[in-house]
Amino acid sequence: VNIELKVTPDKYLPHRYAGASGDFNPIHIDVDFAKSVGLPSNILHGLYSMAQVARACTNAAGGDPRSLRRLSVQFRGMGMPEQEIVVSGEVVDEDGDRVTVKAEAVQGDTRIIRNAEAELLVNA
Amino acid sequence: VNQAAIGKQFRAFAYEVGKEKIAEYAHAVGEDNPVYFDRDSAKEAGFRDVPAPPMFAVVYSSGSVAPAIFDPDVGINFAMMVHGGQEFVWGEPVVAGDVITTETNVKDISEKGGMGFYVFESVSRNQDGQEVVRGTWTNIVRGVS
């Protein structure tokens with residue numbers, strides 16, 4: 001089980017994720033609004049970034065969505081479009097088919113998700 | 001912070017899961033497993049119909065969670081709020097055609113270091129009463145004291 005995923009959300013990703021999720025908070029889709037509240041630009045949805053950690057976990061367990069039993073994360077630094085997200089993690093506990101992994105997601109030096117912990121069923 | 005709303009239960013919200021909505025969501029988050037897009041692949045893999053990616057929980061839960069977060073009794077100052085943490089515990093898989101009913105309650109409100117911690121719990125069940133996901137949503141509000 002190796003937790004590793006790299007993805008670069010394109011400029012319009014936050015718009016697609018807004019439509020898919022129903023979260024149209026303007027800090028995610030309107031650069032002018034985001035700047036007016038002190039952000040450097042529009043920012044990624046935290047739950048999009050969490051979905052990348054979830055994807056890294058299910059991929060590591062063979063790709064079956066039923067393999068992911070639990071995922072908890074803390075949101076920290078802001079995620080930005082057009083910058084590569086790197087998800088990495090390691091197994092910290094194994095109990096038969098059930099493994100516990102710790103992971104994080106970074107963009108450059110910014111940790112956007114930290115203390116992610118997942119329970120996976122492998123060979124399910 | 002005002003803790004009076006702890007334990008408050010909000011009314012259930014029902015969401016009917018559509019196959020094309022799953023595809024739209026899966027595409028947006030970068031999923032490429034054919035089970036999310038193709039009924040035959042899904043059935044071959046043992047699903048009743050096209051399954052939702054685990055984090056699709058956000059889509060069917062938010063209609064129940066959002067009114068709780070915006071409830072005046074809870075009293076969150078949105079200008080100062082950030083989504084601090086999230087947990088999901090998954091049960092029975094969700095597939096196209098399911099009707100998922102979610103109920104949300106205020107699990108905890110506390111204060112630490114001038115910040116308010118507002119924790120909501122959502123429980124989602126399918127049309128057969130099986131639990132599909134339990135979510136814990138933590139919102140942090142700066143400058144509460």
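In what follows, every chain begins at residue 1, and chains take the letters A, B, ... in the order their sequences are listed.
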Task: Contact leader toward chain A among B:A79, B:G84, B:P93, B:G91, where contacts are heavy-atom pairs under 4.5 Å - done: B:G84

Open item on the list: Counting heavy-atom pairs closer than 4.5 Å to chain B, which one of A:G19, A:A118, A:S21 comes out on top?
Closed with: A:G19

- [ ] Examine whether an atom of B:V58 lies under 4.5 Å from a heavy atom of chain A, and if so say whether it belongs to the side chain, the backbone or both; otherwise answer neither.
- [x] side chain

Open item on the list: Between B:Y36 and chain A, with a heavy-atom cut-off of 4.5 Å, which part of the residue counts as in contact: side chain, backbone, both or neither?
Closed with: side chain

Task: Check ion pair A:E119-A:R70 (N to O, under 4.0 angstrom) - done: yes

TODO: Using side-chain hydrogen bond (donor to acceptor under 3.5 Å, both in side chains) as the criterion, point out the one residue from B:S64, B:S62, B:S61 that pairs with B:T104.
DONE: B:S64

Open item on the list: Can you confirm whether more than 12 heavy atoms, excluding those of B:Q3, are under 6.0 Å from its CD atom?
Closed with: yes

Task: Criterion ring-ring contact (aromatic ring centres under 6.0 Å, His included) against B:Y25, the qualifying member of B:F56, B:Y60, B:F37 - done: B:F56

Task: Between B:P53, B:A45, B:G63, B:P51, the one whose heavy-atom pairs under 4.5 Å with chain A are most numerous - done: B:A45

Task: Gap separating the CD atom of A:Q52 from the CG atom of A:L5, nearest 0.5 angstrom - done: 6.0 Å

Task: Contacting region of A:L13 [heavy-atom separation from chain B under 4.5 Å] - done: side chain

Task: Interface residues of residues 72-83 of chain A facing chain B - non-hydrogen atoms under 4.5 Å apart - done: A:S72, A:V73, A:Q74, A:F75, A:R76

Task: Which residues share a side-chain hydrogen bond (donor to acceptor under 3.5 Å, both in side chains) with A:S36, sequence neighbours left out - done: none

Open item on the list: Is A:Y48 close to chain B through its backbone or its side chain, or both, or neither, when contacts mean heavy atoms under 4.5 Å?
Closed with: side chain

Open item on the list: Tell me whether A:D95 at atom CG has more than 12 heavy atoms from other residues, nucleotides or ligands lying less than 6.0 Å away.
Closed with: no

Open item on the list: Does the plane of the ring in B:H83 sit parallel, tilted or perpendicular to the ring in B:W137? Use 30° and 60° as the thresholds.
Closed with: parallel

Open item on the list: Can you confirm whether more than 12 heavy atoms, excluding those of A:F24, are under 6.0 Å from its CZ atom?
Closed with: yes

